[in-house]
Amino acid sequence: MTTPAPVTCIIPGLPPAIDGVGDHSLNLARQLRVDFGMETNFIVGNPSWAGAKEIEGFPINKVTVRSVANLLSVVDGNCQRSPTILLHYVGYGYAKRGCPFWLVNGLEKWRSASSDRTLVTMFHELYATGPIWASSFWLSPLQKNLAVRLARLSDRCLTSEERYAQLLYQFTSGKQTQIPTLPVFSNIGEPEQVLPLTHRLRRLVVFGGSSNRRRVYQRSLAALERTCQELEIEQILDVGPPTGLDLSAVNGIPVVTMGKRTAPEISKILLSSVAGFFDYNTEYLAKSTIFAAYCAHGLIPIGIFYSELQLNGLSAGKHYWLADRPTGKLSLEVGQAIAHNAYTWYQTHNLSVQAKTFATQLLSQNN
């Protein structure tokens, strides 16, 4: 069996920067190496990124200026042995206003220079929308135009969200007929076994970025208090960067501020807790690495209501509990069924499954 050529992977950032897309791409690169012997050369699309020249043997270069000329220079230096680029696309990762013309123009030029070149794009996002007073409202048409150009330029597309897949099909006028939809995997690991909730401590975890966790304590406090009461929670573990809030206790239940922790440490915390709380738009749970982590570790994922829409094979009351719209009383027994369903749903797109899908897309011959 011949060793596949390395893949050049363009991403917004990598560790030590806090970047969910960067963590995603690094975990994927590890799995592609283990399962398929496929190596990855990274190109960081942020000139201000500061990090090592390699991670775990994966070479890392970066653009020093966000320009077509600089991108082509860096890509040509990486693509001598690899005619394939894997782009992890999120507009705001490559341009302050989410309109990375330099990236799309550069890839168009690179792709058209030779018929044996392949571009595979993972669309983590397409384009932003917002109220009329927000810049995203006015920039949305430009962002959408870039996403359309990129979809048409790509030999193959993948995405994390089923609605994005439908839009990509429309963008390409049906050229992209097979668009794998892969909800994000857990960036903090996937334990091989998870204990039943009755064998865990009565702890609830609030995990994620500062703004997400602030919403839990400010916007969802009543729902959080009710959840803790119903599950007889004895301790709340707050995991992540500082929120700037006084988190000594919630309704008499002590809050332990864990701060930023390593992935193995967070995994251990989740494995010994019964529930994970989030305040995140339920329409986009397939894009949430926090929700993915809760599912992968067999906790009860608990959020609040955002929308009647239930997408990507997820249903309220079956795969997650809505604390502010309960369908009954939450107990460990009810929660165990939800945790099991969430864990089972997660296994259909875990890291191993995703590596196989990406390998298929990357190793396929051009259409």
Side-chain angles (χ1 to χ4, degrees), residues 4-12 21 25 28-29 32 38-47 59-95 97-127 139-159 164-165 167-180 357-367:
V7 171
T8 296
C9 179
I10 301 177
I11 68 284
V21 175
S25 59
L28 180 63
L32 287 170
M38 186 181 296
E39 291 297 321
T40 301
N41 300 330
F42 286 107
I43 296 177
V44 175
N46 181 1
I60 304 170
N61 288 281
K62 71 172 182 178
V63 296
T64 52
V65 180
R66 282 174 166 167
S67 69
V68 170
N70 189 245
L71 175 66
L72 291 175
S73 172
V74 179
V75 166
D76 288 341
N78 278 267
C79 289
Q80 292 173 352
R81 290 179 53 226
S82 170
T84 302
I85 285 179
L86 169 59
L87 170 67
H88 287 270
Y89 187 72
V90 47
Y92 285 96
Y94 300 102
R97 298 291 187 181
C99 298
F101 289 99
W102 66 275
L103 177 67
V104 178
N105 291 343
L107 288 173
E108 283 178 341
K109 198 166 184 179
W110 174 84
R111 182 67 183 80
S112 63
S114 175
S115 60
D116 67 348
R117 293 179 172 180
T118 302
L119 175 63
V120 178
T121 303
M122 171 64 180
F123 286 89
H124 295 273
E125 290 183 4
L126 296 183
Y127 57 91
L139 293 169
S140 182
L142 289 175
Q143 293 179 4
K144 181 178 179 180
N145 176 261
L146 286 171
V148 170
R149 285 171 57 193
L150 191 53
R152 292 175 179 174
L153 178 67
S154 301
D155 296 281
R156 285 171 286 283
C157 298
L158 307 93
T159 188
Y164 292 174
L167 285 169
L168 289 167
Y169 177 81
Q170 295 171 17
F171 289 174
T172 61
S173 302
K175 172 196 168 188
Q176 300 283 352
T177 56
Q178 301 294 324
I179 303 174
T357 304
F358 271 92
T360 300
Q361 301 296 308
L362 293 165
L363 296 173
S364 297
Q365 296 298 311
N366 287 340
N367 295 330

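By convention here, the first residue in the shown sequence is residue 1. The figures here come from the full heavy-atom set of this structure, side chains too, leaving out hydrogens, waters and symmetry mates.
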| Could you walk me through whether Leu153 and Leu119 pass the side chain to side chain contact (heavy atoms under 4.5 Å, CB included) check? | CA-CA 8 Å; Leu153 178 67; Leu119 175 63; 3.8 Å; yes

| Considering only heavy atoms from C-beta outward, does the side chain of Leu87 approach that of Met122 to under 4.5 Å? | no

| request: Supply the atom-to-atom distance Phe171 CZ to Lys144 NZ, rounded to the nearest 0.5 angstrom. | output: 5.5 Å

| field | Minimal non-hydrogen separation, His88 against Val21, with atom names | value | CB-CG1, 3.7 Å

| Arg97 CZ to Leu142 CG distance, which is reported to the nearest 0.5 Å | 12.0 Å

| task | Name all residues meeting the side-chain hydrogen bond (donor to acceptor under 3.5 Å, both in side chains) criterion together with Glu39; count only those two or more places apart in sequence or in a different chain, and write none if there are none. | result | Arg33

| query | For Ser114, what residues pass the side chain to side chain contact (heavy atoms under 4.5 Å, CB included) criterion, not counting sequence neighbours? | reply | Asp116, Arg117

| said: Let me confirm one number: the CG-OG1 distance from Leu150 to Thr172, rounded to the nearest 0.5 Å. | reply: 11.5 Å

| said: side chain to side chain contact (heavy atoms under 4.5 Å, CB included) for Leu32 and Leu362? Distances and angles first, verdict last. | reply: CA-CA 11 Å; Leu32 287 170; Leu362 293 165; 4.2 Å; yes

| Mind checking what makes side chain to side chain contact (heavy atoms under 4.5 Å, CB included) contact with Ser67, not counting sequence neighbours? | Val65, Ala69, Asn70

| task | Search all heavy atoms of Asn46 against all heavy atoms of Lys62 and return the closest pair with its distance. | result | O-CD, 3.9 Å

| task | Taking atom types as modelled, find out whether Gln143 and Tyr92 have a side-chain donor-acceptor pair closer than 3.5 angstrom. | result | yes

| field | Nearest heavy atoms of Trp110 and Pro83, plus distance in Å | value | CH2-O, 3.5 Å

| If you round to the nearest 0.5 Å, how far is CD1 of Ile11 from CG of Leu86? | 9.5 Å

| field | Shortest non-hydrogen contact between Pro12 and Val44, atoms and distance | value | O-CG1, 3.3 Å

| Step-by-step side chain to side chain contact (heavy atoms under 4.5 Å, CB included) determination, Thr357 to Leu158 | CA-CA 9 Å; Thr357 304; Leu158 307 93; 4.1 Å; yes

| query | Are any of the side-chain heavy atoms of Arg66 and Pro100 separated by less than 4.5 Å? | reply | no

| remark: Residue set satisfying ring-ring contact (aromatic ring centres under 6.0 Å, His included) with Phe123, at least two apart, ordered chain then number -> Tyr89

| query | How about Val63 and Trp102: do any of their side-chain heavy atoms sit closer than 4.5 Å? | reply | yes

| said: Please enumerate all residues that pass side-chain hydrogen bond (donor to acceptor under 3.5 Å, both in side chains) together with Thr121, with sequence neighbours excluded. | reply: Ser154

| Close side-chain approach of Ile179 to Thr159, heavy-atom, < 4.5 Å | yes

| message | Just to verify, what does Arg149 make a side chain to side chain contact (heavy atoms under 4.5 Å, CB included) with, not counting sequence neighbours? | response | Phe101, Val104, Asn105, Glu108, Asn145, Leu146

| field | Point-to-point distance, once rounded to the nearest 0.5 Å, from SG of Cys157 to OH of Tyr169 | value | 13.5 Å

| field | Shortest non-hydrogen contact between Pro180 and Gln361, atoms and distance | value | CG-NE2, 3.8 Å

| message | Go through it in stages, so that I can follow the logic: the residues are Asn61 and Phe42, the test is side chain to side chain contact (heavy atoms under 4.5 Å, CB included), and I'd like the CA-CA distance, side-chain angles, deciding distance and then a yes or no. | response | CA-CA 6 Å; Asn61 288 281; Phe42 286 107; over 6 Å; no

| query | Out of curiosity, Ile43 CD1 to Leu71 CG, how far, rounded to the nearest 0.5 Å? | reply | 6.5 Å

| field | Note, Thr118 side chain near Arg156 side chain (heavy atom, < 4.5 Å) | value | yes

| field | Atom of Cys9, atom of Thr40 and distance for their closest heavy-atom approach | value | CB-CG2, 3.6 Å

